[in-house]
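Each residue takes its place number in the sequence, starting with 1. Note that this is a predicted model, so its numbers are computed, not measured.
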Amino acid sequence: VELGMTKDDIQKLLGKPIYRNAWQDGEQWGYHKQVGEIAGPEQVLFVVSFDNYGKVAQFETVQEFPRMHYHH
């Protein structure tokens, strides 16, 4: 992912986002991303922000809340 890419570029590269947030100055798309070792992969959120021209303005990996494990 690079700054200045279009929404089409991102969709071709990453597929359909799991969520989209739109506001006056642009839009934000979120994707699930697996990181870490195979023994304990961690799910994080990869967030791509677009400006109001539909170009990538920012992107970052966001730590998600750890999954809760319940023991019966």
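Between Leu13 and Met5, the shortest heavy-atom distance links the atoms CD2-CE, 4.3 Å. What you find for Val44 and Thr61 is that their closest heavy atoms are CG2-CG2, 3.4 Å.
Listed by first and then second residue, the salt bridge (charged side-chain N to carboxylate O under 4.0 Å, His left out) pairs that reach into residues 43-52 come to none, sequence neighbours excluded.
For Phe50, the ring pair (Phe, Tyr, Trp, His ring centres under 6.0 Å) partners two or more places apart in sequence, or in a different chain, are Trp29. Residues meeting the side chain to side chain donor-acceptor pair (under 3.5 Å) test with Asn52, sequence neighbours left out: none. With sequence neighbours excluded, the residues satisfying salt bridge (Lys or Arg N to Asp or Glu O under 4.0 Å) with Lys7 are Glu27. Applying the side-chain contact (heavy atoms from CB on, under 4.5 Å) test to Leu14 and every residue at least two apart in sequence or in another chain returns Val1, Ile10, Tyr31, Phe46, Val48.
Here the side chains of Tyr53 and Thr6 are not in contact, with every heavy-atom distance at 4.5 Å or above. Taking the side chain as every heavy atom from C-beta outward, His32 and Leu45 approach each other to under 4.5 Å.
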Output side-chain donor-acceptor pairs under 3.5 Å for residues 15-25, partner residues at least two apart or in another chain, one line each.
none

